[in-house]
Every structure is written in structure tokens, then in C-alpha cells.
Amino acid sequence: MSSRIENVSFDCADTYRLSGFWAEVLGYSRHADDHPGDPEAVLLPPDGAGPVVFFQQVPEEKVVKNRVHLCLQPTDRDRDAEVERLTALGASLVSDHRRPDGTGWAVLADPEGNEFCVLRSAAERHP
């Protein structure tokens, strides 16, 4: 027997704002019942497969590095173009591990400081 991931949860101050950011990042859609000011928000995967992304309002701010984080692989562009797209959406570059030979990754933070990585696309890994 085993388990599967049902959802990925984010603690945050503004569930609607942060879920909007991640909806753009992942191509997920908001749950129809989510509205600004709600204490919870849900993002649904486009194909119904894969984990739901859940946001819950908490009073405290993030203060230390995440112990678990998402690693994203672009599906329709290269890593560097994805980093540019995500920073334009409001992410910030935390640390850059991209190497001159094209390997490596970038660590970004969402608008509330949650770190995540952007890896090379499949096409970049296997040209």
C-alpha cells in the first residue's frame, strides 16, 4: 500500500492574491467559490489529475527557509524564459545556480516569500 499527494498547502496572509500568482505559474484555475478576503483558496489542475493546491490564511509571516519546496520544470519554454516570466508575475530571484554550460537551476520566491526552484525544461535536458 502507498499514499498519494492529494494537495500541496501554502500558509499565507492573502489567499486570493497568492493563489492568483500560483494559478498563473501552474496554469491551474481558481475554485469558483474563492473570493478576495476568504481565509482559504483552492486551485484546481487543468486536467483534473495531479494535486490540488490549497492556500490557508495564517496570522504569522514566513520567517525561515522552507524545508520542503516545489521544483518546477517548464513545459513550453526554456528555464531562463520561465524565470523571466515568473519574475514578471511577481516572483523574486533568491539564488542563481545556473551555470555557463546551461545546467543548474534558479531559486525564486513567490510574493509571500515561499521558495521554489525552476529547473531546465525536458528539451534542454535532452536536446
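Starting from 1, each residue takes its place in the sequence as its number.
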Least distance between heavy atoms, [X] atom then [Y] atom:
{"X": "R79", "Y": "E124", "answer": "N-OE1, 2.8 Å"}
{"X": "G90", "Y": "P111", "answer": "O-CG, 3.9 Å"}
{"X": "G113", "Y": "K62", "answer": "O-CE, 3.1 Å"}

Practice task
Among L93, V83, V107, find the residue that satisfies the side chain to side chain contact (heavy atoms under 4.5 Å, CB included) test when tested with V118.
Solution key: V83
Exercise for the section: Give every residue pair that meets the ring pair (Phe, Tyr, Trp, His ring centres under 6.0 Å) criterion with at least one member in residues 77-119, sequence neighbours excluded. Expected result: W22-F116, H97-W105
Exercise for the section: Following the transitive rule for hydrophobic clusters with a side-chain heavy-atom cut-off under 4.5 Å over Ile, Leu, Val, Met, Phe, Trp and Tyr, establish whether F10 and F21 coincide in one cluster. Expected result: yes
Practice task
Please check if L26 and L18 belong to a single hydrophobic cluster, counting links between Ile, Leu, Val, Met, Phe, Trp and Tyr side chain heavy atoms closer than 4.5 Å.
Solution key: yes
Exercise for the section: Could you name each residue pair satisfying salt bridge (charged side-chain N to carboxylate O under 4.0 Å, His left out) that touches residues 26-41, not counting sequence neighbours? Expected result: none
Problem - E115 and K65, any side-chain heavy atoms less than 4.5 Å apart - result: yes
Handout entry: Contacts of R99 that satisfy side chain to side chain donor-acceptor pair (under 3.5 Å) - sequence neighbours left out
Key = T103
Problem - E61, CD atom: more than 12 neighbouring heavy atoms under 6.0 Å - result: no
Practice task
Sequence neighbours left out, what passes salt bridge (Lys or Arg N to Asp or Glu O under 4.0 Å) with R4? Give chain and number order.
Solution key: E6
Which donor-acceptor pairs under 3.5 Å do side chains of residues 69-78 form with protein atoms, sequence neighbours excluded?
unit_1: Q73; atom_1: NE2; unit_2: R120; atom_2: O; d: 3.1
unit_1: R77; atom_1: NE; unit_2: E82; atom_2: OE1; d: 3.3
unit_1: D78; atom_1: OD1; unit_2: D80; atom_2: N; d: 3.2
unit_1: D78; atom_1: OD1; unit_2: A81; atom_2: N; d: 2.7

Problem - R17 side-chain N/O to P36 backbone N/O, donor-acceptor pair under 3.5 Å - result: no
Taking only distance into account, with no hydrogens and no angle test, what donor-acceptor pairs under 3.5 Å do side-chain atoms of residues 43-59 form with protein atoms, sequence neighbours excluded?
unit_1: D47; atom_1: OD1; unit_2: A49; atom_2: N; d: 2.9
unit_1: Q56; atom_1: NE2; unit_2: D11; atom_2: OD1; d: 2.6
unit_1: Q57; atom_1: NE2; unit_2: A13; atom_2: O; d: 3.0

